[in-house]
Every structure is written in structure tokens, then in C-alpha cells.
Amino acid sequence: MEYNFRDIEPKWQKAWVENKTYQVAENGDKPKYYVLNMFPYPSGAGLHVGHPLGYIASDIYARFKRLQGFNVLNPMGYDAYGLPAEQYAIQTGQHPEVTTVQNINRYREQLDKIGFSFDWSREVRTCSPEYYKWTQWAFQKMFNSFFCNKEQKALPIEVLIKHFETEGNPGLDVAQSEPLTFTADEWNSWDEKKKSDVLMNYRIAFLGETMVNWCPKLGTVLANDEVIDGVSERGGYPVEQKKMRQWCLRVSAYSQRLLDGLDSIQWSDSIKETQRNWIGRSEGTEVEFQIADSDEHFTIFTTRADTMFGVTFMVLAPESELVQKVTTAEQKKEVDEYIKYVKGRTERERMIDRKVTGVFSGSYAINPFTGEKNPIWISEYVLAGYGTGAIMAVPAHDSRDYAFAKHFNLPIIPLVEGADVSEESYDAKEGIVTNSPRKDVKPYIDFSLNGLTIKEAIAATKKYVKEHNLGRVKVNYRLRDAIFSRQRYWGEPFPVYYKNGIPCMIPEECLPIKLPQVEKFLPTETGEPPLGNATVWAWDEANRKIVENSKIDNKTVFPIELFTMPGFAGSSAYYLRYMDPHNDKALLSPEAANYWQNVDLYVGGSEHATGHLIYSRFWNKFLYDYGFSVKDEPFQKLINQGMIQGRSNFVYRIKDTNTFVSLGLKDNYDTTPIHVDVNIVSGDVLDVEAFKAWRPEYNNAEFILEDGKYVCGWAVEKMSKSMFNVVNPDMIVERFGADTLRLYEMFLGPVEQSKPWDTNGIDGCHRFLKKFWNFFVGQDDKVVATDAPASKEELKSLHTLIKKVTGDIEQFSYNTSVAAFMVCLNELTKMKSTSREVKEALVVLIAPFCPHIAEELYHLLGHSGTVCDAPWPAFNEEHLKEDNMKMMVAFNGKARFPMEFPVGTDNAAIEKAALENPQSAKWMEGFTVAKVIVVPGKMINVVLKK
RNA sequence: GCCCAGAUGGCGGAAUCGGUAGACGCGUUGGUCUCAAACACCAAUAUCGAAAGAUGUGCCGGUUCGAUCCCGGCUCUGGGUACCA
């Protein structure tokens, strides 16, 4: 009987569904293991062979863990909200829900063919109301929370309100948008609106003013890449920087915890490093500067407190509120012009052309260390959003300050011994401090840094600043709060209505607030977001229900928020929902949370390093603070699978003709390379007839062949439709079977590495499975297996494999596992092994990789039940023990010939035997032996000298 | 610019602790089977060389009896990030 994957695979896939083989429940008798893939966005293009790579890798791990006796949760779902479906809706009028469901069904069909062990009974979709009820719920929890810096956790907003009522806010150490000061009396005297506004300064989900790219003509906010040269990509309308009220999440409050948490999880160093940079912790000093001839003062932030004596000017961000205060009457016109100029520049423009710009404000600041008056400048190179939006400029030791000083001809004072600052600044934090204070001026204060190293000088300055009340030591984070609203249709609606300008939460019992129907998916004519098109979108407070907009009276019926949530809202806590997906009383039950805890293994692309993987950790930490999640970190171990690239093929058309020339001859002509569908090319040889049929314009194409063949060129590129290099997994499954696809995807190379797909190589894996099948099944359709004990060689071969595969799977080194299978099968075939013991073990070993063939053979071996519940074969070291050790004799490190010794031979005897071996004489001729190094079992190294 | 990762045959990639570099697969070449092709099987396949042998893991240098592996410097490729003071 042949290996008939076309019968075997659908048969077992059906059996798994019928027997609910992969459904799991909390089970206290077994240890749990939670394997998770980043859930896909179901795009209209369907899956290509690159998509399942991570799913296969995690499926192998999940199956392996199950065979080892773990209760494995391996769920799958869809990140179903997103822009492409909405864009498609705008173009075609087709409701996003319709296309999304179509795409999901297509994905499911494709996934099912590959034989995953997903528990589909736990499927979630971010766009289903049963799911986004809990996204809305979490948002409300964040709205009703603030972050206490002292306890480093979220607390209910009522705690803060109580504090305000009794003590006001002095001395409060909480995360906030900007510093405010008020007393209890002031608080108590404020009306509802004012209180609401003040609380926004503290809530974890809050309405905040943020800078956005605003296009007045389109009436919408544009993302950075939708703006080109200051005008909108679509329409070419002017775009300006505008402060807009948006929902935000106070992710920045969790900066330190997000940073510290990285030490406790097993992620790759590179992704941890990316997150550390993104969080951007920097320890520095805030120093107060008095404005000359004024009572005003301002604060700057610096990490280089050692350079206080090298300050030659100050710079404010153009958006800083201080700008108006420091601008003098004479400079006002110039400053206003500059501010106007900066406003017209987008972030993108600033990035591309980095010219030095700025304007003098007319005022001076007094340097508390030198007493000198430093001019205050305004320049866009200082960012309002970081630190205090004001800096002290030390041109000698900061390249940006240096460029500015050179451009505006400002003084430069070097502060490091031997530093040459005539051509560029000296930015390194190494060297001995000098000129601090300068020897040619009378010291202003009794404080010197001269002679100290830079590190010592920073510490000494910090100490001085603290003791003399000139400022404070401060830690800054680069991490920004996340903007949480979008002016789009296809996303979660906010459970918020506006009562006389005050945002109010729709009661928790009324959730979910379902996305309303609209006729058009574009912004309204008055410039409102698409939800403005909904006619039933108002909140009747008394009757607690959604009603027609026409009923809005702002007394009992109020408008509902028109923004929707961004993509990361639904994907931030989905792993918790998988633990208890059908619970309509809570996000998840405490029982489920306590049993499944957190994700043990998370598999997905590294492109989410600074998006999803930060938001998710933030979201989980927030839920952890309230006890909904039982672990501070959501994903214990993370594997980033690489991309599968496409391997494109080219044909070469001779210019202005319809003649195509083969690769080897193309240099004789003036040709244009043209992408050709990889599915009509085999082994880089073009199927000429298929090419003619491919497109009408090639019907009468002519070819210049080499050796009777048309050879195509090739290149590795991204797998995409436009390059005609997309390979569909369905086609591979049809031709070779799911088991072959799974095996080959893993065999291509390390999971974490990007590598090109080449369908030609798949034959090797398919051949292996055919041989594997033939090893078990004889001519008469019966499994050939004898109960006689396995020979020593068979056991050695088998246990080498057990050891290798067990170790490899733990380390996600699947490609070498596959190679080990091939070697082992080869050996066993040569031995004509018929041992049942060996075959039983082999079936279980291959089950994680190729579950269908394993299941079939398991049954042919006489088992009922599923191979998924078989025990993983135990490794026995005894079988690998050798009688002899094979060693290489090397001369000066170069290996020459092998020798064998019984295990346990002592080093002296080995040395003697090696030197007396007749082959050695040849190499030792003309040399004397300096010493001999014996590495038992490996190497006998004879060190020779003349 | 800064941070991270990587560079090994014609190709994808092995070498898990510093010990015979190139496992395994593809491709290529030769052979067996076949009227023939396909399939299958066997053999060879880093480079130079008839061979003995020599040279080889991006480049230069170092440590070591011995380096793909450790150290210093450089080049290139991929990814992230960007006036973050």
C-alpha cells in the first residue's frame, strides 16, 4: 500500500473534529501549558505559505507538550477590525462585516487543511459584540482609575476624589498629564465640568490634547505616512499640526514596570532591547534657571549635569508656553513669524530636511553656576513633548547644540581636557573635566568640577543641585501615552456619551454598546467621523438604551462618542479571553485565570515589538493591578518567527520585441527583466506553453533557448501578488499533503530566521515521508512489526533520535530535528529493522510534526484512541554508550588520522599508542614532541617543534 | 547617526561546551531500471590539483596545541529608531 496522504489527512482531520480531540478544559490533575499565536488579521488575499510558519512551529510545540503530559491550551481567533475592510467598504459599499466574515471563512478553510491542534471551540473575533464587550469594559475600568506612583499601581479614581475633597492635591505623587496645584476648598467649590476636566489629568484612559496631522479640507486626522510634503497624500490638501482632543491611555505611567518586567521574561535580547529603547529611561537632573530682569523662572532637563559651566545659550521648544513670557517687544515680530513657520511643518518634513532654524527671544537666563546671562533662543530642534521642553545648550559637548551655535555664531566652551571642538562637538562621556569654572573668570559660587572624571562630575553636580535647592534629580521616559481614538467606522465604539460637555460612561450592565449601522463609511459632510452618519446613536439616560439621534435634547438623551477604538484595543487582552471565551458575566472567571495563569509560549512576528507587545503588557499590568489577570507579565516566553520570502522568477524580453531570451544568453541583447508567475516555472525552467497561455500579449511570444530550455533568472523578494511569487498552501497540500508541508516549512531553516520559499526543495521531505510509510507498511497493507527485542544498533539509532528531537523541540530547532529523522530512518532501513518497540516510538516522535501519518500508523500498529495521548518516548542514556571511543590524532592542531580505544583507557596509554602508531612517524619526521594533549573521546593533539 | 541581529559550497542551511567545517535536503554529474520519459534506487559533488597535498566559515590582527565559535579593529547585509538634551 502506497503512502496515500489524500485519504489519510481528511480522514483524521474529520476524526479530530468528531472526537473533539483538541478541546481542553481546566484540569487540576495535569500541569497546564498555554501556547499562543498572534491571531491574524483576515485579509482578502488569503494565506500564502509564509503565514502558517509560526502556527506550525507552535503546533509542534503544543503537540509535544501534550505528549509529555501537559494540559495544553492552543487557541486561535481573528483580529477582525482593521483598515483594509473599511477601505474596501468605502470603494464598493460592501459592509466590512460581510467581507470580514468571508475572509475569516476562507482563512479557516485554509487553516483546517494543515492539521493544527487548535481548540476552535474557544475562537474569538475582536469584532463580535460578545468579545468587544470586554474591550469596552476594560476601557471604562481605565477611565475610572488613576496611577499611584508610590504604590506603582492603578487605583480606583474614587480614592483620588476623596483625597481631593479632604486635602486637595499638594504632595500627591500620581501619574498626571501636567502638574496642577489646588486645595481641597478649591476642589469642593468647582462645578461638575471643572472637576471632570481636572480628573482627566489623572485618569488612565483620558481625553487629552495631542498634536495630530489635521487636514481641514478632508476633515480628518491623517497618519504620518498619509502626509507627503506637507499636503495630504489623497487630494493634495494642506495639512497642519493641530492640537486635538483624543482619547489616550496613560501607558507612560507604567514605564518603570514595563522596563523592570523585561528582566523576568524569556524574550530574545534584541526585542527586549528594542522595548528598552522605546521606553527610553534616562536618568538626569532638572535645573531651575531664573529669567534675567524678571520673576519668572523655568526648568530644564539634562543628563549632562557636568556641563553646567559650558552653557552658552538656552533653547525652548516653539510650542512651549514659556515662549510668550520670554519674548521681548523688539523680538515679537520675528518670533511670531518663526512660530508660524514651525506650525506649517509636519513631523515628516522635520525628519527629512534637518536644517538649523531658530530665533532669539530677546531674554536671558541666569546660569546658577556661573552667574552669566545666557541668551534664550527658540528652535524646533527642542521637542515640547520630552523633558520640560527647554534645554541648556552646551555646544562643545552636544552635536545638535554645536550645529546651532555654529549657525548662529554663538560661543563654544570646551570642558574636557584635550577635547578638540574646532570641527565637531565632543559628545563622549569620557575624560577629565576642565574649565569648570574657568580659570580666567572670578568664580561665581564655591564649587569646582575641575580634575574629576565626567561620571564623578555628574554625581557631584547632582549632589550640589539637591543641597542648594537648584533643582532635582529626575528620571525621564521617552515612552508616550497612546492615542486611543480613531476617526474610523470599523472599530469598537466607545461606551461614552456626552452630557453637557462632560464625558460619561454608559453603565457596565448595558455593555456592549454595539457598532451602529451606517449608510456611508466616509466622514460626514460636516467633518464628523463616520459614526456621525449613524441615525440611531444617542443615549437615553433614563431608559438606559440607544435611541435615534433626533431625540437628542441634552436633558435625558445625549450624543454618543463618534470616535472608535484603534486596532490595538481588541488585541491587547485576547489571550485572557481565550481562557474563558464564552463567559458573559466577566472577562474571565477567577477559576480560569488561576488555572491558565498566563501564556507560556507566544509566537509571532517581531514587527509588533513597539506596538502590540507594549500595549498588551500595559493592558495586562493594568488588569493585574485589579486582580483580573494573575500574572504581571502576559507572555512568559516569546518566539519571533521570521518571514518567508518569495523566490521570484524573471524572463528577459528583448527591448521593443516579443522575443524572450534565456538567462545564459541575455547579456548578448538589450533586455528588460519581467516577473513571471513562479507556478509556471519548475527548477528555474520556464514552461513555455504555459507562459504563452498566461497572458494574451504572450500568445505569440518567441524564445531564444539554451540547450532546448528556457532558463529563468531569480531573486529573493517579499512574497506578494505583484511579483507573481505567491505560493498558496492549498496547492502544496493538494500535491504533497499537509504533513509534507509542515515538515518542509520546518526543514527550511530556523523558525526565527527569514528565508526564501522554494517549492522545488519540497520533494526531499515528501520522499522522506514515503520512505517513512514504507518502513512501517508492507506489501499486504499490514504493519511489519516483530515483538523480538530490538538490537543494540537499532536502540542506539532510536535513542540518538529521541535525545536529539526532545532537545531540539525545546529549543525550537526544528530544522535539525527533521534532518535527524532522515538520518535515523536511513539507518533503520539499512538494518532492515522490524522491531515493534522501535516503530511504536518513531510514530510518537513524528506525531508533533506530521500528525496525520502518525495517527494512521498508530492505528495500523493496533492502537485505538489518538496518538496525541500516547506518552513521549523516554530517553535512555545506556543505549548510546560506546565500547570504544573514536579519537583523532592531530599534529599542531591539524587532524590527521583516527584511532579507537576502549572506553576508560587512561591518557598515558592513549598518548603512547598514538605516538607509536606507524602513521605518526610520517608527521613527526624532523620534529620533536613538545607535549601531547589528550581530550578523551575527541582528540589526541601532538604539539611538535623543530 | 545610534541600537540590535547576521555574513559558512551552485542554493536553503548543519556543526547545541574551543576539538575531523559543510550534517540533512535541493540542485548538478555519472550509473541501474525503462523502447523512451517519469518515478525509484546507487555513486560522486567546498576550491585548486592527475595525485600526494595545499587552501578554505566576509576582511585585518590577537589569544590558544587547536578558532565558524573567544578578544580588538573594519567592510557589507537585514531589522529597529531618530533632533529624547
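Order of the sequence lines sets the chain letters (A, B, ...), proteins ahead of strands, with each chain counted from 1. As the structure is a computational prediction, the values presented were derived from the model and not from experiment.
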Aromatic plane relationship, A/Phe309 with A/Phe369 - under 30° parallel, 30 to 60° tilted, over 60° perpendicular: perpendicular
Sugar-phosphate, base or nothing in reach of A/Lys803, heavy atoms under 4.0 Å: nothing
Same-atom distance (C1') from B/C41 to B/C59, integer angstrom: 45 Å
B/U20 versus B/C11 - spacing of their P atoms, nearest Å: 24 Å
Separation between OG of A/Ser682 and CG of A/Asp687, rounded to the nearest 0.5 Å: 9.0 Å
Aromatic plane relationship, A/His397 with A/Tyr426 - under 30° parallel, 30 to 60° tilted, over 60° perpendicular: perpendicular
Sugar-phosphate only, base, or nothing, as touched by A/Val935 at under 4.0 Å among non-hydrogen atoms: base
Parallel, tilted or perpendicular: ring planes of A/Phe772 versus A/Phe768, cut at 30 and 60 degrees: tilted
Proximal nucleotide (of B/U81, B/G13, B/G25) relative to the A/Lys755 side chain: B/G13
Separation of the P atoms in B/A36 and B/G31, to the nearest angstrom: 13 Å
Sugar-phosphate, base or nothing in reach of A/Asp401, heavy atoms under 4.0 Å: nothing
Closest-nucleotide ordering on RNA chain B, the 5'-leading residue of A/Pro750 and A/Tyr386: A/Pro750
A/Thr302 side-chain proximity, nearest of B/C24, B/A82, B/A85: B/A85
Whole-Å distance separating the CG atom of A/Asp763 from the C1' atom of B/A40: 13 Å
C1'-based separation of B/A15 from B/A21 [nearest Å]: 7 Å
Parallel, tilted or perpendicular, as decided by the 30° and 60° cut-offs, for the rings of A/Trp377 and A/Phe404: perpendicular
Sugar-phosphate, base or nothing in reach of A/Ala819, heavy atoms under 4.0 Å: base
N-glycosidic conformation, B/G9 - syn within 90 degrees of 0, else anti: syn
N-glycosidic conformation, B/C17 - syn within 90 degrees of 0, else anti: syn
Between C1' of B/G80 and NE2 of A/His608, the distance in whole Å: 14 Å
Euclidean distance for C1', B/C71 against B/U64 (whole angstrom): 12 Å
Check: A/Asp684/A/Asn649 side-chain N/O donor and acceptor closer than 3.5 Å: yes
Stem list, RNA chain B (Watson-Crick or G-U pairing under 3.5 Å, at least 3 consecutive pairs): B:1-7 with B:75-81, B:10-12 with B:24-26, B:27-32 with B:40-45, B:46-48 with B:53-55, B:58-62 with B:70-74
Distance between C1' atoms of B/G9 and B/U45 (Å, rounded): 10 Å
Pairwise C1' distance, B/G62 and B/U8 [rounded to whole Å]: 22 Å
B/A85 phosphate, OP1 or OP2, under 4.0 Å from A/Asn476 side-chain N/O: no
Sugar-phosphate, base or nothing in reach of A/Arg480, heavy atoms under 4.0 Å: base
Distance, rounded to the nearest Å, where A/Arg478 contributes CZ and B/C84 contributes C1': 7 Å
Under 4.0 angstrom between A/Thr303 side-chain N/O and B/C84 OP1 or OP2: no
Spacing of A/Glu752 atom CD relative to B/G12 atom P, expressed in whole Å: 19 Å
Options B/C84, B/A15, B/C24, nucleotide nearest the side-chain atoms of A/Leu383: B/C84
Heavy-atom pair with the smallest gap, counting every atom of A/Phe289 and A/Asn367: CE2-CA, 3.7 Å
Touch class at under 4.0 angstrom, heavy-atom based, for A/Lys894 against every strand present: nothing
Nearest non-hydrogen partners of A/Ser379 and A/Pro318, listed with the distance: O-CD, 3.2 Å
A/Tyr341 and A/Tyr338 aromatic ring geometry - parallel, tilted or perpendicular at 30°/60° bounds: tilted
Sugar-phosphate only, base, or nothing, as touched by A/Ile391 at under 4.0 Å among non-hydrogen atoms: base
Touch class at under 4.0 angstrom, heavy-atom based, for A/Ser268 against every strand present: nothing
Nucleotide of B/C84, B/C26, B/G19 approaching A/Ile933 most closely (side-chain heavy atoms): B/G19
Interatomic distance where CZ belongs to A/Phe891 and P belongs to B/G53 [whole Å]: 13 Å
Touch class at under 4.0 angstrom, heavy-atom based, for A/Ser813 against every strand present: nothing
Position toward the 5' end of RNA chain B (nearest nucleotide), A/Trp714 or A/Arg400: A/Trp714
Sub-6.0 Å ring centroid separation between A/Trp923 and A/Phe897: no
Separation of B/U64 P from A/Met939 CE (nearest whole Å): 19 Å
Spacing of CG belonging to A/Leu825 relative to NZ belonging to A/Lys830, to within rounding of 0.5 Å: 11.0 Å
Length of the line joining A/Phe313:CZ and B/A85:C1', which is rounded to integer Å: 11 Å
Side-chain N or O of A/Gln753 closer than 4.0 Å to phosphate OP1/OP2 of B/G13: yes
Between B/C4 and B/A51 - P atom distance, rounded Å: 48 Å
Sugar-phosphate only, base, or nothing, as touched by A/Met888 at under 4.0 Å among non-hydrogen atoms: base
Sugar-phosphate, base or nothing in reach of A/Arg767, heavy atoms under 4.0 Å: sugar-phosphate
Contact under 4.0 Å: A/Lys922 side-chain N or O vs B/G53 OP1/OP2: yes
Atom-to-atom span, CD of A/Gln641 to C1' of B/G79 - whole angstrom: 15 Å
Touch class at under 4.0 angstrom, heavy-atom based, for A/Asp758 against every strand present: nothing
Per A/Met822 side chain, nearest of listed nucleotides B/U81, B/A85, B/G25: B/G25
